[in-house]
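Since the structure comes first, as structure tokens, the remarks are kept for the end.
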Amino acid sequence: MRRVFTALAVLAMAAALVSSGCAGRGAPPTIKIGVNAELTGDIPKVGESCKRAAQMWLADIEAAGGLEVGGKKYKVELFIEDNESKPESAAAAATKLITQDEVLAIVGPNASKVAIPAGEVCNNQKCPMISPWSTNPRTTKDRPWVFRACFLDDFQGPVVARFVTEEFNFTKAAVLYDVASDYPKGLAEFFKKAWEEIHGPGSVVAFESFVTKDRDFSAQLTKIIASGAEFLFTPQYYDEVPLILKQARELGFDKPVVGSDSWGSAELVKLAGPLSYGCFFSTHYAAAGAKGATKEFIDRFKAKYGEVPDDVAALTWDSMRIVEAAIKAAGKITGDLATDRKAVRDAMAAIKDFDGITGRMTFTEEGDPIKAAVIVKISNTGEFEFYKFVSPK
Amino acid sequence: MAYLLQHVVNALQWGSFYALIALGYSMVYSVLMLFNFAHGDIFMVGAYIGLFVATGLLALGSAGAVALPNWAVLVLTLILAMALTSVVGMLVERVGYRPLRRAPRASAALTGLMIGITFETLNLALLGAKRRSFPALIETTSYQVAGVSITNTKIMIVVISLLLMLALDQFVRRTKWGMAMRAMAVDIFVVPLMGVPINTMAALTFALGSGLAAVAGVFFGQAYPVLEPYMGMLVGWKAFVAAILGGRGSVLGAALAGFLLGFIEIFVAVVFPSTLRDLIAYSVILLILTFRPYGFFGEPYSARLRL
């Protein structure tokens, strides 16, 4: 009895395969796009935001009757795979999307630990991939098929240097950073380099460090005050920033304090309170005070899902639209997957001044965007408010 | 000049914490011949108890039940935190150390480490890894004196710490309890024969040390208002260094060494890149110990001391 069922099932599956194959050949091919998202695992919120933004994009395309490429409208299909926020699952999901679902391009994964292995698979299998949120250089390094929609951490150094120069006309900078931690150390050094490129050697008048877990910064801050610096740049986290602000103000430092995207946590305002009001920091995206297309996206997302989109949602939205732009720019769909994928990759690499809601982007040879960063001002009620876009050059 | 004075003021505040915590190490070490490695975490417990007492009192005030002025909240917080943390200290002694009084010293030291880790992880499990903000109980006012920035918080921390150290010194030297403690430091096995209740004395030693750690915790919360479960680890280790540097059994020595440590750390950071601070600071201390292996006021171990 059981054997009969098995045989029937196999037959049914074969029939399904044949019929779908026939249908595929008959109708104009649909454009398939993969989404490799962290739907379960330790950061499910990231996957959810990614999925929601992707589905919102699909709804737009469907409302327009399909995606127009070379004068023909194509139906678009999304394949959303869960990578469980695990490196091996992310690689498996990418393989499945490429070989089984035969997608044209993949958006995601978001987190670097999953984007790096998935990028390896996509690059080897020659399928274009764009990660909305991964900031680790290794995701795209030496991988012509892999792109990203966010800037790298180090990129904020030149951005902050330029912003402070334009906004305040300062010439003397002070830096205070944790020398034992990769992110602040890298950022501090990149900032110093950028600042001295603008203002000449010696214009960073104080370059002070401490080590993780330090709580007293009075020696460093006293040196900074004595150096005559006009502002302080500190790329630290909410663990230290409140203490740095408190001690600096108590020692009589009344000048601006500027930070990086590591400041972008609600905890920071909670811990630092009014001390943080009026401070600036650079980041990827800010919901409050957004204008134009960004505001329109935020409003539509809010109406659809009942919450303010986070940076993952905004960057996924841009990634989807970059894929869309690349497919359009490729000019035609031949139906031969390898040719089409190559055309999409080349078109993506050639994208110039793409107008995203998180800034205008052009890709470098590594597939990293040159784009403007958002400067956020902490308002007098402790909100992160959009202040302006600043590009590094 | 003002620049140097500013560093001196900074070092005085930073040294106060080391001194207050070092006293707890030093007392337990001299009376019971044991390193209470959980002491840094008792400091952490003190800070958290202070946090809950302070937020509780402030909440009572805003609910309209008992509206206290902020200075009264601070005083009450200090007293309650001292009392409750003393109880924690006595419990640690009763549960962790008393059963091991005749065990090898290494076992007691391990127990200390274990108790410390228990406090840290218990805090992590109960309250999560979230940072807590200690409410500011006195409005911080900065005074500019001859180009030096001094806040009222700094003055309060340094002055009250010094007063407490002085009081402890007098207690150890002038009271009967103090005399019993000093006697225990000399010979813990003969002293009970003279009618000294050593269990009570051990508990008292822990209570005093923990009380001082609680004061350090509350003041720490005022000066550096971001609390986390591992805040006592590094400070605890460094205060332990101060206790050794001060010399066994010397209240004055531990206090002085605590301040010295604060000064060395701050001034090394002034002259050298702050990256090298701990390396240079602790090399200096190693050098001092090479020439004075018993610390500043410690006595060489002799037949007079039990070991």
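The chains referred to below are lettered A, B, ... by the order of the sequence lines, with proteins before strands, and numbering in each begins at 1. When reading the values below, keep in mind they use all heavy atoms of this one structure, side chains included, and skip hydrogens, waters and symmetry mates.
- In this structure, the portions of A:E208 lying under 4.5 Å from any heavy atom of chain B include both its backbone and its side chain.
- Between the side chain of A:S262 and the main chain of A:Q236, a donor-acceptor pair closer than 3.5 Å is present.
- Ionic pairing of A:K377 and A:E167 is not present here: no N-O contact between side-chain nitrogen and carboxylate oxygen is shorter than 4.0 angstrom.
- Within the 4.5 angstrom heavy-atom criterion, only side-chain atoms of B:R277, from C-beta onward, approach chain A.
- If you measure heavy-atom distances from B:A223 to chain A, the contacts under 4.5 Å come from the backbone alone.
- Only the side chain of B:E228 comes within contact range of chain A, with at least one heavy atom under 4.5 Å from a heavy atom of that chain.
- Each of A:I225, A:L271, A:V179 has some count of heavy-atom pairs under 4.5 Å with chain B, and the biggest count is that of A:L271.
- When B:T141, B:V235, B:V270 are compared by the number of non-hydrogen pairs under 4.5 Å with chain A, B:V270 comes out ahead.
- Residue contact with chain B, scored on non-hydrogen atoms closer than 4.5 Å, involves the side chain of A:E267 exclusively.
- Proximity to chain B is limited to the side chain of A:D214, based on heavy atoms less than 4.5 angstrom apart.
- Within the 4.5 angstrom heavy-atom criterion, no atom of A:E240 approaches chain B.
- For chain A, no part of B:F17 is nearby; none of its heavy atoms comes within less than 4.5 Å.
- A salt bridge does not link A:K193 to A:E189: none of the charged nitrogens lies less than 4.0 Å from a carboxylate oxygen.
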